[in-house]
Amino acid sequence: MEINQKIDKTVDWLREKVKEAGCKGLVVGVSGGIDSAVVCYLIKKAFPENSIGVIMSINSNPKDREDALKVINGCGIDYIDLDLTKPQEMILNSVTSALKEKDLYSESGFRAADSNLRARVRMCSVYTVANNLGYLVVGTDNAAEIHTGYFTKYGDGGVDLVPIANLTKAEVYDWARALGVHEDVINRAPSAGLWEGQTDENEMGTTYNMIDKVVLGKRDEVPQKDLDIIDRLHRISEHKRHTAAKPPIF
């Protein structure tokens with residue numbers, strides 16, 4: 001099946017899901033990255049008059065916002081622009097202070113707490129938009145990210161629909177080109193924008209190309225070093241791919 005046919009079928013699927021939920025449209029957080037760009041274009045196609053993108057800056061690199069606006073202007077979607085720096089810092093500082101008062105604070109855990117809180121504050125914000133408008137929240141995780149757990153539980157992983165969940169990272173780029181996403185967005189290094197200079201591949205210790213091969217069942221083409229990293233990431237993130245665990249009926 002050609003890419004444009006797959007795009008059309010995905011757009012139809014989005015419309016069906018909104019209808020099933022009794023909702024009115026779709027909302028997505030727009031980061032300026034390739035995945036959110038593709039999803040932004042998809043929801044605009046699905047609901048030209050009832051879709052919205054949300055830019056959510058938290059001590060972010062100004063380049064992220066510039067690229068997000070290139071996506072928004074490129075597909076013509078409506079949007080709102082939020083600076084969530086102060087709310088995120090307020091929560092982080094409150095928790096940090098409380099932990100320090102109890103002599104429980106761990107400096108080594110600060111970066112994870114900070115970055116995951118950013119994703120969760122954004123999730124709360126985009127759901128606030130969705131609730132107000134009667135929309136569903138659309139996620140941006142692809143097959144490689146889902147396999148490795150490269151998303152924040154109840155953060156960017158807290159969504160209603162995940163339309164590109166079956167796409168490898170390479171396929172996301174193919175769809176971006178087919179949809180007409182701006183070249184600056186296509187060419188930027190994949191990054192969650194969590195801190196200065198942060199990139200997905202440096203943080204994971206492997207490449208999306210290698211993860212794609214594992215997702216596609218081509219493990220024999222992946223060096224053992226990369227396989228070990230990918231398998232470990234998959235194993236320790238298993239809990240993210242399931243609803244909260246409950247005990248058996250005693």
Side-chain angles (χ1 to χ4, degrees), residues 7 10-11 13-15 17-18 21 23-89 117-142 145 151-152 154-165 167 172-173 175-194:
I7 288 172
T10 303
V11 167
W13 176 80
L14 287 168
R15 291 173 180 150
K17 288 300 177 182
V18 169
C23 291
K24 300 174 183 177
L26 299 168
V27 56
V28 67
V30 186
S31 66
I34 190 78
D35 301 302
S36 72
V38 167
V39 172
C40 201
Y41 274 70
L42 290 174
I43 72 169
K44 174 63 176 177
K45 275 180 167 288
F47 291 91
E49 305 301 324
N50 294 91
S51 55
I52 189 168
V54 187
I55 300 175
M56 295 173 282
S57 301
I58 301 177
N59 283 320
S60 303
N61 187 326
K63 182 69 166 59
D64 294 343
R65 183 175 177 278
E66 290 174 15
D67 287 341
L69 287 171
K70 288 172 185 174
V71 171
I72 286 164
N73 293 331
C75 66
I77 196 170
D78 197 6
Y79 77 101
I80 60 173
D81 197 343
L82 305 176
D83 188 337
L84 302 174
T85 300
K86 288 184 179 178
Q88 192 269 353
E89 288 181 343
L117 179 60
R118 294 183 189 210
R120 289 171 178 139
V121 167
R122 288 175 174 135
M123 179 275 292
C124 291
S125 301
V126 80
Y127 263 101
T128 301
V129 174
N131 290 162
N132 186 266
L133 299 176
Y135 288 4
L136 292 180
V137 174
V138 187
T140 64
D141 293 324
N142 58 59
E145 291 171 331
F151 58 90
T152 297
Y154 307 124
D156 51 317
V159 297
D160 299 313
L161 305 172
V162 197
I164 62 171
L167 301 186
V172 173
Y173 281 96
W175 280 39
R177 294 185 183 95
L179 288 162
V181 173
H182 198 288
E183 281 296 317
D184 287 352
V185 175
I186 292 175
N187 293 331
R188 65 179 272 174
S191 171
L194 301 177

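All values below were derived from every heavy atom in this structure, side-chain atoms included, with hydrogens, water molecules and symmetry-related copies excluded.
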Pairing donors with acceptors under 3.5 angstrom, does anything connect the side chains of Glu89 and Asn59?
yes

Which atom names give the shortest non-hydrogen contact between Glu145 and Phe151, and what distance separates them?
O-CD2, 3.7 Å

Does Ile72 form a side chain to side chain contact (heavy atoms under 4.5 Å, CB included) with Ile55? I'd like the steps, not just the answer.
CA-CA 10 Å; Ile72 286 164; Ile55 300 175; 3.7 Å; yes

When rounded to the nearest 0.5 angstrom, what is the spacing between CG in Asp78 and CD in Glu49?
9.5 Å

Verdict with reasoning, Tyr41 to Val181, per side chain to side chain contact (heavy atoms under 4.5 Å, CB included):
CA-CA 8 Å; Tyr41 274 70; Val181 173; 3.8 Å; yes

Counting only heavy atoms not in Arg65, do more than 12 fall under 6.0 Å of its CZ?
no

Here the pair of heavy atoms bringing Gly158 nearest to Val137 is O-CG1, 4.5 Å

Would you say Arg122's side chain and Gly29's backbone share a donor-acceptor pair under 3.5 angstrom?
no

Check Ile43 against Ile52 and note the closest heavy-atom contact, atom names and distance.
CD1-O, 3.9 Å

Can you tell me how far apart CG (Leu84) and OG (Ser57) are? Round to the nearest 0.5 Å.
7.5 Å

Quick one: pull up NE2 in His182 and CZ in Arg188 and give me the separation to the nearest 0.5 Å.
12.5 Å

Would you indicate whether the side-chain heavy atoms of Ser125 and Val54 approach each other to under 4.5 Å?
no

The side chain to side chain donor-acceptor pair (under 3.5 Å) partners of Ser36 (sequence neighbours excluded) come to Ser31

Atom pair CD1 (Ile34) and CD1 (Ile164), whose distance is rounded to the nearest 0.5 Å:
9.0 Å

Quick check: are there more than 12 heavy atoms from other residues, nucleotides or ligands sitting under 6.0 Å from NZ of Lys24?
no

Closer than 3.5 angstrom, by distance alone: can the side chain of Asp156 be matched with the main-chain N or O of Thr152 as a donor-acceptor pair?
yes

Non-hydrogen atoms of Val185 and Gly32 that approach each other most closely:
CG1-O, 3.4 Å

Got a donor-acceptor contact below 3.5 angstrom from the Thr128 side chain to the Val126 backbone?
no

Is the shortest side-chain heavy-atom distance between Tyr135 and Val129 below 4.5 Å?
no

Testing Thr140, Val39, Leu167 for side-chain contact (heavy atoms from CB on, under 4.5 Å) with Val172, which one passes?
Leu167

What are the two closest non-hydrogen atoms of Ile58 and Thr85, and how far apart are they?
CA-OG1, 3.5 Å

Check ion pair Asp67-Lys63 (N to O, under 4.0 angstrom):
yes

May I ask you to decide whether Lys17 forms a salt bridge with Asp160, counting only side-chain N to carboxylate O separations under 4.0 Å?
no

Start with the C-alpha distance between Asn50 and Val18, add both sets of side-chain angles, then the distance that settles side chain to side chain contact (heavy atoms under 4.5 Å, CB included), and finish with yes or no.
CA-CA 11 Å; Asn50 294 91; Val18 169; over 6 Å; no

Gap between atom CG of Leu133 and atom CG of Leu26 - 0.5 Å precision
11.0 Å

Taken to the nearest 0.5 Å, the spacing of Asp83 CG from Met56 CE works out to 12.0 Å

Please report the shortest heavy-atom distance between Gly134 and Cys23, naming the atom on each side.
O-CB, 3.2 Å

Apply the test side chain to side chain contact (heavy atoms under 4.5 Å, CB included) to residues Val11 and Leu42: give CA-CA distance (whole Å), side-chain angles for both, the deciding distance (0.1 Å), then the verdict.
CA-CA 6 Å; Val11 167; Leu42 290 174; 4.2 Å; yes

